[in-house]
There are 2 protein chains.
Amino acid sequence: MDEGLVKEVNPYLVTIFNQVLNIEEKALKGSEFKDLSIKEMHTIEAIGMYREHTTSEVAKKTSVTVGTLTVTINNLVKKGYVERIRMDNDRRVVKLGLTNKGRLLYRLHDKFHRDMVKETLGGMSQEEGEALIKGLRNLHDFLARTQQTLNE
Amino acid sequence: MDEGLVKEVNPYLVTIFNQVLNIEEKALKGSEFKDLSIKEMHTIEAIGMYREHTTSEVAKKTSVTVGTLTVTINNLVKKGYVERIRMDNDRRVVKLGLTNKGRLLYRLHDKFHRDMVKETLGGMSQEEGEALIKGLRNLHDFLARTQQTLNE
DNA sequence: GCTTATTATTTTGAATGTCAAATGATTTGA
DNA sequence: TCAAATCATTTGACATTCAAAATAATAAGC
């Protein structure tokens, strides 16, 4: 593999990271959902459209402790985006779900992501698109392995 | 462009973001630089190896306010990674530079990024690698345009 | 040369995000 | 039954962040 490509990929990755976070933050602040931070947005994203995730699961997905998540959820419940449902078969367990307001926001955010990806793939052929996916999959798998190693 | 690809790219991007941050955080904590957070690490990355960036420039690059950056720099100076040099020709301006300790860390972090990218590109042909770059470039340009629009 | 505006940075106060440890509630298993 | 395990919440201490105000230096206009 050409060393020049390696040099080129790195700055793109770094910049893209910052850009995405920055844009999402600004888009939120300019919308009807300005009472939310980007962290809260991503918690809503992790909860998702279907009431199937427990506190522990969402905490793992967002890489925070359950204690931190509980605080976040308290705020989101207060603001009307999330609801807690305690399970009847095991009353220790709480499932998290989005309210109608939460769902509306979820779809909006999802659309932003879709548009971003569509734009990325726009002007690429089917073959190039598949190569991009392959690259992302490689990256994803490498990261998963690395994460595994660090947790041992 | 195939709609299926769009659906596949999105989850990869989201997961990759979280993975990278998580791994970098853990790698730091397990190294001799455990007195640094991931945010501080990225500030050092933005300052770079050559003493040429002002406070304002680095703040813009890392997407925080100058006030926030000043606080961060205060800590990094205290910990011995960064030094401030006030310019003689315009004494309002402060240029930020890395100390030897800072440079050592910078190179270590840079190596991590390079390994990550090498692994990503490993097993890909030259053509596939170029497609990945093209995708990243499209994404980067789209984000830059979006950011521009939001700032108007 | 003075006054005013501009530019660059720092300080401050308030809100949010974070973790580790302690606590509460419930279930499981011996 | 009751001790241990599991799931979630609360609490206390810091870290991170921004907006706004304060400070400082320089430039511009008269």
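Since this is a predicted model, take the numbers as computed values, not measurements. Protein chains get the first letters and strands the later ones, always in sequence-line order, with residue 1 at the start of each.
- Using a 4.0 Å cut-off, some side-chain N or O of A:Ser56 falls inside it from OP1 or OP2 of D:dA8.
- Of the candidates D:dT16, D:dT9, C:dC19, the closest approach to any side-chain atom of A:Thr65 belongs to C:dC19.
- Look at CG on B:Asp88: it is 17 Å from P on C:dA8, rounded to the nearest Å.
- Within the structure, a side-chain polar atom (N or O) of A:Lys39 is placed less than 4.0 Å from OP1 or OP2 of C:dT18.
- Of the listed nucleotides (C:dT27, C:dT16, D:dT26), C:dT16 has the atom at the smallest distance from the side chain of A:Ser37.
- Using a 4.0 Å heavy-atom distance criterion, A:Thr55 is classed as a sugar-phosphate-only contact.
- In this structure, CG of B:Asn74 is placed 13 Å from P of D:dT16, rounded to the nearest angstrom.
- Look at CZ on A:Arg84: it is 15 Å from P on C:dA25, rounded to the nearest Å.
- If you check every strand for non-hydrogen atoms under 4.0 Å, A:Thr62 touches nothing.
- When distances run from any side-chain atom of A:Arg92 to the nucleotides C:dA25, D:dT16, C:dA8, the shortest one goes to C:dA25.
- What separates NZ of B:Lys78 from C1' of D:dA15 is a distance of 12 Å, to the nearest Å.
- Looking at the side chain of A:Val64, the nearest of the listed nucleotides C:dC19, D:dT16, D:dA8 is C:dC19.
- Residue-level contact check: B:Val66 touches the bases, meaning some heavy atom is under 4.0 Å from a base atom.
- Among the protein residues, B:Asn75 comes within range of no part of the nucleic acid, since none of its heavy atoms lies under 4.0 Å from any strand.
- Side-chain contact between B:Glu24 and B:His113 is present, with at least one heavy-atom pair separated by less than 4.5 Å.
- Nearest to the side-chain atoms of B:Thr70 among the listed nucleotides D:dC7, C:dT10, C:dG17 stands C:dT10.
- Listed nucleotides: D:dT11, C:dG17, C:dT9. Nearest to the side chain of A:Val71: D:dT11.
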Start with the C-alpha gap between A:Arg114 and A:Asp110, add the side-chain angles, then the distance that decides, and say whether salt bridge (charged side-chain N to carboxylate O under 4.0 Å, His left out) holds. CA-CA 6 Å; A:Arg114 281 172 178 279; A:Asp110 191 54; 3.1 Å; yes

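- Between B:Thr99 and B:Glu83, some side-chain heavy-atom pair lies under the 4.5 Å cut-off.
- Atom CG in A:Asp35 sits 3.5 Å away from atom OH in A:Tyr81 (nearest 0.5 Å).
- Residue A:Thr72 is out of contact with every strand shown, counting any heavy-atom pair closer than 4.0 Å.
- In this structure, B:Leu69 places its CG atom 13 Å from P of D:dT16, rounding to the nearest Å.
- The nearest whole Å value for the distance from the CZ atom in A:Arg86 to the P atom in D:dT6 is 18 Å.
- Between the CE atom of A:Met87 and the P atom of D:dA8 there is a distance of 10 Å, rounded to whole Å.
- For the pair A:Lys95 NZ and D:dA8 C1', the computed distance is 15 Å after rounding to whole Å.
- What you find for A:Leu98 and A:Arg103 is that their closest heavy atoms are O-NE, 3.6 Å.
- When distances are taken from the side chain of A:Val94 to each of C:dT10, D:dT9, C:dT26, the shortest belongs to D:dT9.
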Could you walk me through whether B:Lys111 and B:Asp115 pass salt bridge (charged side-chain N to carboxylate O under 4.0 Å, His left out), step by step? CA-CA 6 Å; B:Lys111 182 172 176 355; B:Asp115 288 350; 2.9 Å; yes

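- At a threshold of 4.0 angstrom between heavy atoms, the contacts of B:Thr68 include nucleobase atoms, whether or not backbone atoms are also involved.
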